[in-house]
Every structure is written in C-alpha cells, then in structure tokens.
Amino acid sequence: MEELFYMLLLVPKQYTVLLYNSPPVPQTSVVTRNLSLLAFSFLQEKSSHLSAVLLGEDCEISLEQLYELLQYAALGKRHNAAQPSWCRIYHQSHLAGVVVIVLHEMSQLHFYKFYLQFKHLRKVFRHRFTLPPPSANFLTSLCGEGVSLNPQGTAQGLISTGVECIPKSSGLQCDPIIRKYGKEKRGLTSYTLTSEELKKNDYPMRDSPGCKGYMYTECDLQRTDSSPLFGLDCEMCLTAKGNEVTRVSLVDAEGQCLLNELVKPESVIVNYCTRYSGVTRKMLLPVKTRLPDIQTRLKKILPHDAVLVGHSLNADLRALQMIHPSVIDTSLLFARNEGRRFKLKFLAKAVLGKEIQCEQRLGHDPAEDARAALELAQFFIKKGPAKVAELNLEMLLAAERQTEVSPNKSVMQPQQCGAQKQLNDPPHLSRPRFLACLQGMGQKPLLLGRQELDYSGLCQSDLSTSNKQILQRALEDVPLSTFSIIQFSLDPEYVASHCLAGFCEKVRNKLTDMLTIYAGPFEEDFCLKSVKKEFGRCGPIRSLTVVTETYQPYVCIQYNVLEAAQLAVESLNGAEVAGSCIKVQRPITAATLDCDVLIKELELDIENEGVIYVAGIKRSLTETDLQEEFSPLKDLETLFLPKDLQSGKHSTCCFLKFQKSQSAADALEAINGWAVRGSTLRSRHALASGHLWRWIWQMNHSSEKQGGNSLSEKMAPLSDFEQDVKKKVKKLDHHIKKLYRSLQDNTLCVVLFPGMNSIHGSQSGLGLMGIKDDGGSSAC
C-alpha cells in the first residue's frame, strides 16, 4: 500500500493518461482497493477536457480566436499563453499533443453536401464552429502571421519581447548544442573536429580521393587548450575547372589581419561571382599572385599547433588545395537539428551583435568573415554551450524570417557591444509565433501535405503526392511531435469553382425541400388564419401559400428551422386542423428521398447530444423570462433564443442544452404540452442547434436574393462526377478516422474546413474540435 501511495505522488503529469489506462493494481485488502480507487479518481480528474458553448452568434469564431486556442493548447500558462476567450481547456499541461487537420479548399458547404459521407467527423467532434471565408493564405493565418493579438505580460523565466514572451531555458536538454557538447564549459580542443567528423563533412585529408597534390600545412604538434586560433576565409570565382580562389584572408586571435591577398586563378574565369566575392575583372588584371604563392605564405605563417577557424571551412581548404589537421567549423559548432546550419551573417548578428555582408557593399569582405567566425568560436569557448543554448537561436531565426515579409518591422537591433552584453540583453524581436516558441523549446512542429506548407522555415515540411502517402507519414511522425498540422485535399477538379456553384445550388434546393411541408386537404372555405396559428406552434414560419391546383386546397408551409418542419410532420400528420383531418408531408423529390435517413443522423449527431428544441414561445418573452420558466429542469446548462438575423427580433422557438442526455430526455417529456404564459409548448430533439442553424438561415436568405423558392424537382439526377466525389469524401473521412484512432488519449484534435472564395461567391469555413476520449466520445 505504501508503495502505491508513493507511486501516485511521483506520477509525472505527462503520464497521467498512461496510468489511467493501465491494468488495475492487485487488490489484496480493502485499504489497498480504496487507495487504487483514489488513484483512479485522481488520474481521471486530471485528464484534459474541453468546454465550449457554441450556439447562435457564439458559434462564429474568427481566425484570431482560433489562434488563441492553438497557442494556449501548445504553450499553456507556463509559457504565458492565456486561455482562449471563447472556450476553455482544463488541465492543458496534461495534453499529449495538438493535431490540426486541414481539408484544403473545402468549406462548410462541402461538409453538409456530403454530410452522410463524413460519418466519422459527425460522430466524434461535439464542438463545431463557423469560420469566416479565408482572406489570405489560410495556413499562414492559422500560424499567427497577420493575426492581431492582445499583448501578454511577462512571466517569470521568460524574456519579454514587447508583445509575447520567449521561453528562456525551456527544453534546454533538447537543444542540439546541449545534446552534442553538454552544459559544462570546455577548452578549445573539445570543439575541434575529429577525424571522423572531418571525413563526414568532406574536409581534405591525406590519402582522401581527390586530394592528390594538396599541400599539407605540417602543423603536427599536439593541440592544447592554449593553442593559437586563426580565422580563415576565401572568396571564389567559377572557372573552367570549377571553384577557384580569388581572395584569401587570415586573421589572428586578436583579430589582426595577417593576410589579405587577391589571387589570379590558373584557369579561364567563367564567372567572377562579383555579387558574393566582390572581385571584378578589373581588380584581377594587375594581380600576379598565384595559388602556390598563397599556399607557401600560409604554411609559413601558421605555427605547428595552429587551429584554423572558419564557417564551412571545408570549401575554403579545398579551394586552397591544402590539408590542415585541426579546425573548428562554426557552421557545425552552433549545432542545429537534422544537419541544418545557421548562416554566418545570422550568427554574427544574433550572437555578436555585428552586421556583416551588408547589401550596400559589393560582395563579401573575407577579412570581416574570417574575423566573425573567429569571434564566434571564442564566444562559444568562453561562455560555454549552456549560455549559447539560452540564446534560443532557432527562435531568433524564425522571428527574423517572419519580419522579412514585413520589412517595416525591425527584427534584431545590432548591439554595439561585446558578447557579454549580448547575453544580458537579447536582441529585440518582432512578435514570435507559437510555432517559433515550440521550436525554441526543442519541440519540433510537424507539417505534412500536398501543397507547400513550410511556415517561415520553422517546421519539418513534407510534400506528398496523395492523401494516402500523407496519412502514412502522419501515422509515423505525428507521435513524435507535440504539434502537427496535417493537410489533406481533394483533387483540383473536385474543388473547382464551377463545381462549388453546382454543389451550392443543390444544397440550397435540398434545404428548401426539407424546410417545406404540404398540409391538406382542407375544405373550400377553411380558415387560413387557424392553419397558420396551428402550424406556427411548431416554429417560425417563413412563408405560407395556398395550393389551388388540386381538387381540394392544400397549404404549402416553409419554415425557418429544420426542427419546426419535422415537428409539424410528426405531430400534425393525421390531426384535425381547421375542421379537416389532414395529411402532413414533405414534397417528394429526388432531394427528399433520403430525408428520413438524414433527419435520423442529425438527431444522432454528437453535436446535438443533450440538446432539445422548444417551440410555441411568445415573442414578448425575453431570455431572462425563459431562464426563469425552465429553471426547474434538471441539469440545464444553456438556453439559446434565436433572433431573426435580418430584423433582430426574437424567434418563437429556443434551444435548451443539458449537461446529461438523460436530463434532456426527461425534459422532453415534461415540456410537451407545458403552458408558458398562455402558450402551449412543443418540443423534440434538436437537429441544427449550433452553427448549422445560422448557416441554414444564410442559405435561405441567399436563395431569396436569387429569386428562388423553386423546389428541387428541377434538379438533374446525380452525375457520375458527384458519385465520384462522394467516394473521395468517404475515403477522406476514413483517412481522418484512421489518423484519429492512432492519436494518444488526451490529444486535442481540430479539423478545419478553411472555406473558399471564388467568382461564384464566398463560402464560410467550418471547424470541429475535441480532445480524444473527452467525455468518452472518441471512437466510432
């Protein structure tokens, strides 16, 4: 029992879910069993979960608000990120990761056009929201570029940048510099390249292929930590033989220039590479110095224990055709992940606070570059790996790249001081996005897709040719990353603008048919006012017309909400209205043949779980009045009273959201026939309580503008093309299902339909989100 108690106390946060799903501890006594239950309860309480009330106007989420969610999920309070303003993540620190699935060039229209095909999405994600049509690059906005954010304060352990904060030492153990050298200071001999490293990085070596005839410096004395450092840099031109030296510079440990010579190549020059070398034809015309002359002078200058320092020095030594056994390569010294290297210009600015290779000057100055490389090595040796790692070079680079898009913003102000001040006063940066912060903490974000996804060079970006390949890569790589963006897409022909227009028209017609009912037959002299009053108790009526083409009159009623039409069919079919026993039904068209299936699936949709629709409410009642009337109902969480989006007036219906499904079922029984201030209520399970309610209103409004209440008898039969799209969407849904099932418990998953802009108009986007196993609704 004591062991179990201490085991519980020592559980790290990130392993909460692992232990929650572990086999139960053998129960040898009542006390042990109770303690096991205590551990189980403790771990269960600490699982991450998501809370959001997305009804009516609250279901419209801006890109700024979406960014808030992703930033908090990725960083949390520990890194000064604030809870999103529109939802809440509980126990964020227990999240196993964040996965964002982007369905390229798809919109809310696609989701509801192929609603039955998106079987997994609608059964798993209970929280949904509407996104505005994309105004620019969606992925860039998603990562924060161009998003207007509120400044956050500075937290302990963070370096303030004026807008957001950079973690100073989070993830230091994961920094590639620390992994390579450790944290302790060392002498210069610890940073010289080994024989294996020289060979791996293509340095000229004795008996190496292609090095025949190279001059050896004969600097064979054993190196010590007090051996002299020399900075070396060359500029090259392109000749008939390849790259050849045109200028050489050597500086000593004090930065004094010992050699700065122009060199005339032996071969015919094809390109002087003046933009980089600064060397012109005119400059080389009087030069008599040749490569052997430079080799001899270098060999004479360098003492036998000399250590050469340079940036990618292998290229310089090969151009010089010289072999030197002891070098420090600053492009390798300031280590990065996956073999990438920082540029010398960036390192000089970020570490030394110096501007080199200025664009105003023609070409590079090799003496300046040699001096910069030398000072970088001296800084590294003096300060040690830990201090270098604390500079967060990856994040500084990311911030610099971001502001390249906005040249008016300053990235890093060069420091007119030594390296010590650089450590105490980090350069001022523009706002780093949370992906940059993750990168700086050693948590590499992952981006996978068919389109170019790389964001400011921050992330591992992989271009695949098919959704299947993307899925396969995602299954392998997502578990290794704390933040992933996976982009799936349909082939271009399936998201073309003319297809979008066709889909839009068919969805609009189908909605019109589902919102429409026919009632009758009535007597010739029936009271239309009585009919309108009776059917109005089911919900807000958009239009009512008398059909006179039949032997006896019928009434065509079009509602504003799906629930009202369905409630009329269910409660008034076979009832006596205006003195006649009537039949109530929807129009029989190609679009309504699967109406019963669609209604059933909407009822079972997890978004509508615990939500009921209530009709028959007087317009004079306010939301406060209704809260008071419905207060006796158990577990009532939220009340939503829709407004007409045109007039702003309250509707005659409302939605009630309950904390438990059983409480919603009990409320249904209690409310039917309930009288509220003289009005009898009718209710049923909700079909379109959240964002869908608003979207249906907008689709109806757009059909009014286009002059159509035309029913979909005019629709052509489904084409082979549409059948093909259905198959593609079904397969896409299956890919998402497979990826979702592979995620660890406690992973936040967000699926985004970005929306579309075309010549046929804009389509809003759609977001679905949930934490896997949140509320026990992860698998389908």
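A quick note: this is a predicted structure, and the numbers were derived from the prediction, not measured.
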Any donor-acceptor pair under 3.5 Å linking the side chain of [X] with the backbone of [Y]?
{"X": "Lys772", "Y": "Arg741", "value": "yes"}
{"X": "Ser679", "Y": "Val676", "value": "no"}
{"X": "Glu60", "Y": "Thr130", "value": "no"}
{"X": "Trp86", "Y": "Gln65", "value": "yes"}
{"X": "Asp733", "Y": "Val729", "value": "no"}
{"X": "Ser580", "Y": "Ile582", "value": "no"}
{"X": "Thr592", "Y": "Pro587", "value": "yes"}
{"X": "Arg122", "Y": "Leu116", "value": "yes"}

Indicate the ring-plane relationship of [X] and [Y], choosing parallel, tilted or perpendicular according to the 30° and 60° boundaries.
{"X": "Tyr112", "Y": "Tyr115", "answer": "parallel"}
{"X": "Phe503", "Y": "His110", "answer": "perpendicular"}
{"X": "His49", "Y": "Tyr90", "answer": "parallel"}
{"X": "His94", "Y": "His91", "answer": "perpendicular"}

Specify the closest pair of heavy atoms between [X] and [Y], including all atoms of both residues, with the distance to one decimal.
{"X": "Val98", "Y": "Ala74", "value": "CG2-N, 4.3 Å"}
{"X": "Pro642", "Y": "Phe640", "value": "CD-O, 3.4 Å"}
{"X": "Cys653", "Y": "Ile617", "value": "C-CD1, 3.9 Å"}

Reported [atom1]-to-[atom2] distance for the pair [X] and [Y], which is rounded to 0.5 angstrom:
{"X": "Ser683", "Y": "Glu669", "atom1": "OG", "atom2": "CD", "value": "10.0 Å"}
{"X": "Thr638", "Y": "Gln659", "atom1": "OG1", "atom2": "CD", "value": "8.5 Å"}
{"X": "Leu515", "Y": "Ile541", "atom1": "CG", "atom2": "CD1", "value": "12.5 Å"}
{"X": "Leu103", "Y": "Gln487", "atom1": "CG", "atom2": "CD", "value": "9.0 Å"}
{"X": "Asn467", "Y": "Ile736", "atom1": "CG", "atom2": "CD1", "value": "9.0 Å"}
{"X": "Met106", "Y": "Leu732", "atom1": "CE", "atom2": "CG", "value": "6.0 Å"}

Hey, mind stepping through Asp594 and Lys510 against side chain to side chain contact (heavy atoms under 4.5 Å, CB included) and telling me if it holds? CA-CA 11 Å; Asp594 63 353; Lys510 183 158 189 165; 2.9 Å; yes
Just so I know, are the side chains of [X] and [Y] near enough to count as touching, which here means a heavy-atom distance under 4.5 Å?
{"X": "Ser85", "Y": "Glu68", "result": "yes"}
{"X": "Phe488", "Y": "Leu471", "result": "yes"}
{"X": "Leu748", "Y": "Ser48", "result": "no"}
{"X": "Leu687", "Y": "Ile599", "result": "yes"}
{"X": "Ile612", "Y": "Phe658", "result": "yes"}
{"X": "Ile671", "Y": "Leu633", "result": "yes"}
{"X": "Phe630", "Y": "Val614", "result": "yes"}
{"X": "Lys113", "Y": "Lys506", "result": "yes"}

Quick one: do Asp666 and Lys660 make a salt bridge, cutoff under 4.0 Å? no
Under a 4.0 Å N-O cut-off, is there an ion pair linking Lys618 with Asp625? no
Name the one of Lys730, His735, Lys737 that satisfies side-chain contact (heavy atoms from CB on, under 4.5 Å) with His120? Lys737
Pairs under 3.5 angstrom only: tabulate donor-acceptor contacts from the side chains of residues 564-573 to other protein residues two or more places apart or in another chain.
from   : atom 1 : to     : atom 2 : distance (Å)
Gln566 : OE1    : Arg586 : NH1    : 2.8
Gln566 : OE1    : Arg586 : NH2    : 3.0
Gln566 : NE2    : Glu570 : OE2    : 3.1
Glu570 : OE1    : Arg684 : NE     : 3.0
Glu570 : OE2    : Arg684 : NH2    : 2.8
Ser571 : OG     : Leu567 : O      : 2.6
Asn573 : OD1    : Val584 : N      : 2.9

Under 3.5 Å, which donor-acceptor pairs link side chains of residues 528-540 to any protein atom two or more places apart or in another chain?
from   : atom 1 : to     : atom 2 : distance (Å)
Glu534 : OE1    : Arg537 : NH1    : 3.0
Glu534 : OE2    : Arg682 : NH2    : 2.6

Take Tyr72 and Lys77, measure what side chain to side chain contact (heavy atoms under 4.5 Å, CB included) needs, and give me the verdict at the end. CA-CA 7 Å; Tyr72 182 73; Lys77 293 179 181 177; 3.7 Å; yes
Report, as yes or no, whether the 6.0 Å neighbourhood of atom NE2 on His685 holds more than 12 heavy atoms from other residues, nucleotides or ligands. no
Check the surroundings of atom CD in Gln552: do more than 12 heavy atoms from other residues, nucleotides or ligands lie under 6.0 Å from it? yes
Give the intermediate values and the outcome of side chain to side chain contact (heavy atoms under 4.5 Å, CB included) for residues Lys123 and Ile606. CA-CA 5 Å; Lys123 286 192 174 183; Ile606 194 171; 5.9 Å; no
